[in-house]
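Working notes for the structure below.
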Amino acid sequence: MRRLLLSLASLLVASVVFGQKFEQLARTPPMGWNSWNHFGCNINEQIVREVAQAMVRSGMRDAGYEYVIIDDCWQGERDSLGFIQPDPERFPSGMKALADYIHSLGLKFGIYSDAGDRTCAGRPGSRGHEYQDALTYARWGVDYLKYDWCHTENLNPIGAYTTMRDALYAAGRPVVFSICEWGTNEPWKWGRTIGHLWRTTGDITNCWDCIIDHGTWKSWGILQILDKQDGLRIYAGPGHWNDPDMLEVGNGMRVSEDRAHFSMWAMLAAPLIAGNDIRHMSEATREILTNREVIAVDQDTLGIQGFPYRREAGVEIWFRPLAGGDWAMAILNRTETPRTVTFNFREEYIFDDFSKRGTFFDRITYRLRDLWAHRDIGTTETPLTVEVPGHDVVMLRLIAPKP
Ligand code: GLA
């Protein structure tokens, strides 16, 4: 018995010192901006500063966007002791100064590295330097790390991501840890104790319905990424999220496609990481990204992902249980043709086995709030008929009577 108690106690000590991620971070899906989708490798400190300013000016910060994340290509060489340096031409003032500036605006600072010896763009990766890099990030004031999976031959993914998790924890500065191995090794099955979010797919691209073949890899349109989320909702929850990749809102798709993309990411409780040039976005793009009623669905504290309830000839009806007995509902038109959809709440029995929540339309009447028109449109007592334009969505909040 004594031996058992002793080993339990040492296990406890070990798990306090090592072997854990920073808990209490990302209790709702992280929100922010990342440089990759729009800028790719063409990034520098001036752009990042201007983006941070735009985050404040546009109202994005006040709508909940928090992390300003520099993706690949910020890295220069390692110094003679192996410490990573930023690219001196792109980031001449250094990362500490940039982090300080971002923090001074009430925002947080994110960075990118890779579990292999090189990043996807061929810059130095963290392999063999994990503790050193984590220490460097802590000194700079990094709050978020996206950790990629290129050039990882013979690496075990659980081991590699655990090493970086432990390195971050040992460095002592709370960091949201974003696992980016594209879903290759089913990170939803092991990521929960290691990171705060994990990519579920390969890279997104700014297209509604397409697959782009780059030879050794493919990138995926909005519908393709959406379909790849099937079956994954049981793995997500507060502090550990499925990540269907960063937003393409404002990167060239139609406004309706951007709206539908944003809505579906909110139904999925996805991280909302804008990927456009927010310094010069259109008013339509700004309105999508700062739609607080949709963001409130994404950030709902219950942290349960939505699910497709009905899929019929290119029209999908999704539901998502929310805190306080409310539900979110999205009617997605995947097709090019406008569709008239009628939904007779009273005759639908919706029960989510995962969250053990039901709508009980036969005995609960919900108020219907249109989250894009920003108006109330009736109740669940009468059937709803809506017209959903092609490649668009109607998104509602079903508001339960409050006692
Ligand atoms: C991978 C990731 C992308 C991006 C690039 C950078 O493709 O999945 O999100 O970080 O690398 O090179």
Side-chain angles (χ1 to χ4, degrees), residues 29-44 47-48 51 67-76 84 86-87 90-91 109-127 133 137 142 144-153 155 157 160-161 164 175-188 191 195-207 210-222 224-225 228-229 232 241-252 261 265 268 270-277:
M31 292 176 66
W33 173 89
N34 173 301
S35 53
W36 187 256
N37 282 358
H38 179 81
F39 293 96
C41 246
N42 296 317
I43 189 71
N44 61 49
I47 296 176
V48 177
V51 161
Y67 296 95
V68 176
I69 305 160
I70 311 177
D71 207 279
D72 209 346
C73 301
W74 62 266
Q75 307 90 338
I84 187 73
D87 183 320
R90 294 167 189 261
F91 295 90
F109 179 50
I111 214 163
Y112 160 102
S113 191
D114 189 289
D117 56 353
R118 275 169 299 135
T119 68
C120 297
R123 302 288 172 130
S126 289
R127 186 172 185 170
D133 285 356
Y137 303 154
V142 168
Y144 184 110
L145 175 67
K146 172 175 168 183
Y147 204 49
D148 214 340
W149 191 241
C150 278
H151 307 291
T152 51
E153 294 71 24
L155 272 186
Y161 282 97
M164 190 43 115
V175 171
V176 171
F177 189 32
S178 156
I179 297 172
C180 175
E181 61 74 79
W182 323 307
T184 317
N185 300 283
E186 303 187 307
W188 43 88
H196 302 93
L197 59 158
W198 48 80
R199 282 271 298 276
T200 54
T201 69
D203 289 8
I204 195 168
T205 190
N206 57 341
C207 135
C210 70
I211 301 171
I212 300 180
D213 195 339
H214 305 270
T216 51
W217 59 288
K218 294 188 174 93
S219 49
W220 310 88
I222 306 305
Q224 282 69 26
I225 298 240
K228 285 171 179 285
Q229 309 310 311
L232 301 187
W241 307 101
N242 287 312
D243 173 9
D245 207 359
M246 306 172 293
L247 297 169
E248 289 285 11
V249 174
N251 278 342
H261 166 33
W265 264 229
L268 291 168
L272 296 180
I273 310 289
N276 57 316
D277 185 354

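Remember, it's 1-based here, ligands and their atoms both numbered in the order they're listed.
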**Message:** Check contact between T119 and ligand 1, using heavy atoms of the residue and a distance below 4.0 angstrom.
**Reply:** no
**R123/D72 salt bridge by N-O under 4.0 Å criterion** = no
**Asked** Would you say R118's side chain and C150's backbone share a donor-acceptor pair under 3.5 angstrom?
**Response** no
**Prompt:** By number and element, which atoms of ligand 1 are closer than 4.0 Å to a non-hydrogen atom of K146?
**Reply:** 3 (C), 4 (C), 9 (O), 10 (O)
**Request:** Tell me which part of D245 gets within contact of ligand 1: side chain, backbone, both or neither, using heavy atoms under 4.0 Å.
**Result:** neither
**Request:** Please work out which of D72, D114, I273, D71 has its closest non-hydrogen atom nearest to atom 4 (C) of ligand 1.
**Result:** D71
**Request:** Among all protein heavy atoms, pick out the one at the shortest distance from atom 8 (O) of ligand 1; state its residue, atom name and that distance to 0.1 Å.
**Result:** D203 OD1, 2.5 Å
**Complete:** Heavy-atom proximity to atom 11 (O) of ligand 1 ranks first, among I69, I204, D148, for D148
**Message:** For C73, which part has a heavy atom under 4.0 Å from ligand 1: side chain, backbone, both, or neither?
**Reply:** neither
**Message:** Has N242 got a side-chain atom pairing as donor or acceptor with L232's backbone, closer than 3.5 angstrom?
**Reply:** yes
**Item:** Under 4.0 Å to a heavy atom of C180 - the qualifying atoms of ligand 1, by number
**Value:** 2 (C), 8 (O)
**Asked** Under a 4.0 Å heavy-atom limit, does W182 contact ligand 1 with its side chain, its backbone, both, or neither?
**Response** side chain
**Request:** Pull out every atom of ligand 1 sitting under 4.0 Å from any heavy atom of C120, numbered as shown with elements.
**Result:** 1 (C), 11 (O), 12 (O)
**Asked** Would W33 and N276 count as a side-chain hydrogen bond (donor to acceptor under 3.5 Å, both in side chains) if you check the C-alpha gap in whole Å, the side-chain angles of each, and the deciding distance to 0.1 Å?
**Response** CA-CA 8 Å; W33 173 89; N276 57 316; 4.9 Å; no
**Prompt:** Is the closest heavy atom of Y112 to ligand 1 under 4.0 Å?
**Reply:** yes
**Message:** Please verify the inter-ring angle class for Y147 with Y161; under 30° counts as parallel, over 60° as perpendicular, anything in between as tilted.
**Reply:** perpendicular
